[in-house]
Amino acid sequence: MERKTEFIDHTTNWYKGENFEGGMLIIWGVLMVVLALYFWKFSYYDVSRVLVVPILVVGLFWGIAAGYGLIRNKQRLEKAKIEYKENPDTFIKNENKRVGGFFKYYRYLLPGWSVLIIIGLAVFIFMGGNQIRAIGIAIILFSVAGLMVDHTSEQNAKKYHLEIEKELLK
């Protein structure tokens, strides 16, 4: 039974990885909001001013989503520690199901973000008007953040799932 006292450390590391990803998104969101405010305050041309709202929307979306995720992860980690103390074997089996359940989504998310970047580029290149081109840029910025985070998340999930499988084999 002594071996299982270490497993919760892997779960804690999983949540630390999730929090790192949330931190990336908060920084991305803040940078986008600052960039939008910069365009709003210092831009003299309509071409730059139309970027304010689309970039602000991207920044606020990712910043709020990440902030919510960080708060939720703290609660989920506390709950995980309690569940682990109550029954380590059941907790590990449930984690295996949970992580294995969303693992398959990475197969679609990473190409999906890439396709969305291409769509943003197509909107920017082939559509007319500054507002539409600004939306194309916002789609690209939105998708780049998703691609970065899901790539990092996938690596974090692989490492955690490997630790779960090792524990189940003991």
Side-chain angles (χ1 to χ4, degrees), residues 9-81 95 98-163:
D9 294 335
H10 298 298
T11 304
T12 301
N13 288 338
W14 157 263
Y15 282 104
K16 285 180 183 177
E18 292 288 305
N19 289 340
F20 172 77
E21 295 150 19
M24 284 181 3
L25 284 177
I26 286 175
I27 291 169
W28 185 262
V30 167
L31 288 173
M32 293 298 103
V33 169
V34 168
L35 185 61
L37 294 174
Y38 178 78
F39 283 137
W40 175 70
K41 179 74 175 162
F42 297 109
S43 177
Y44 295 102
Y45 299 107
D46 291 339
V47 174
S48 300
R49 285 210 171 250
V50 297
L51 288 167
V52 172
V53 172
I55 291 177
L56 185 63
V57 168
V58 169
L60 290 173
F61 175 83
W62 282 124
I64 291 168
Y68 174 74
L70 289 174
I71 292 167
R72 193 165 168 253
N73 275 348
K74 183 177 180 183
Q75 295 166 346
R76 287 172 55 203
L77 178 58
E78 290 172 15
K79 182 180 175 192
K81 287 179 179 179
E95 283 295 278
R98 183 180 72 84
V99 175
F102 67 75
F103 230 161
K104 60 187 171 201
Y105 294 114
Y106 291 117
R107 181 177 342 151
Y108 304 107
L109 284 170
L110 299 175
W113 290 120
S114 301
V115 167
L116 206 51
I117 289 170
I118 293 168
I119 289 170
L121 282 170
V123 167
F124 180 80
I125 293 169
F126 299 116
M127 302 289 214
N130 291 333
Q131 188 67 42
I132 296 296
R133 293 182 95 189
I135 291 170
I137 290 171
I139 292 170
I140 294 166
L141 293 172
F142 177 81
S143 304
V144 165
L147 189 62
M148 285 188 312
V149 168
D150 281 343
H151 169 68
T152 307
S153 176
E154 179 185 32
Q155 301 312 308
N156 188 28
K158 283 180 181 178
K159 187 170 184 169
Y160 185 45
H161 196 253
L162 182 66
E163 294 301 331

For the student: nearest non-hydrogen atoms of [X] and [Y], plus distance:
X	Y	result
G22	L70	CA-CD2, 4.3 Å
I26	A66	CG1-CB, 3.5 Å
M127	I132	CB-CG2, 3.2 Å
V50	V47	CG2-O, 3.2 Å
T152	M148	OG1-O, 2.9 Å
I140	I117	CG1-O, 3.8 Å

Separation of [Y] [atom2] from [X] [atom1] (nearest 0.5 Å):
X	Y	atom1	atom2	result
L147	L116	CG	CG	10.0 Å
Q75	R72	CD	CZ	8.5 Å
W113	D150	CH2	CG	6.5 Å
L51	Q131	CG	CD	8.5 Å
I137	F124	CD1	CZ	4.5 Å
N19	L77	CG	CG	8.0 Å

Please assess L60 against L56 for the test side-chain contact (heavy atoms from CB on, under 4.5 Å), listing each intermediate value before the final yes or no.
CA-CA 6 Å; L60 290 173; L56 185 63; 3.9 Å; yes

Could you list the residues that satisfy side-chain hydrogen bond (donor to acceptor under 3.5 Å, both in side chains) with S143, not counting sequence neighbours?
none

How about R133 and N130: does a side-chain donor come under 3.5 Å of a side-chain acceptor?
no

According to ring pair (Phe, Tyr, Trp, His ring centres under 6.0 Å), who are the partners of F102, at least two apart in sequence or on a separate chain?
W14

Under the ring pair (Phe, Tyr, Trp, His ring centres under 6.0 Å) rule, collect the residues that match up with Y38, sequence neighbours excluded.
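Checked Y38 against ring pair (Phe, Tyr, Trp, His ring centres under 6.0 Å); matches are F42.
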
Begin with the C-alpha distance, continue with both residues' side-chain angles, and end with the deciding distance and a verdict on side-chain contact (heavy atoms from CB on, under 4.5 Å) for K81 and T12.
CA-CA 9 Å; K81 287 179 179 179; T12 301; 4.0 Å; yes

Classify the ring geometry of H161 against F103: parallel below 30°, tilted from 30° to 60°, perpendicular beyond 60°.
perpendicular

Audit row: K159, L162, side-chain contact (heavy atoms from CB on, under 4.5 Å) steps and yes/no:
CA-CA 5 Å; K159 187 170 184 169; L162 182 66; 5.7 Å; no

Side chain to side chain donor-acceptor pair (under 3.5 Å) partner of Y160, the single match among E95, E18, H10
E95

Examine distances only and state if a side-chain atom of R49 and a backbone atom of W40 form a donor-acceptor pair shorter than 3.5 Å.
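At least one qualifying donor-acceptor pair exists.
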
Would you say the rings of W28 and F142 are close, in the sense that their centroids are separated by under 6.0 Å?
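For F142 and W28, the ring centres are not under 6.0 Å apart.
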
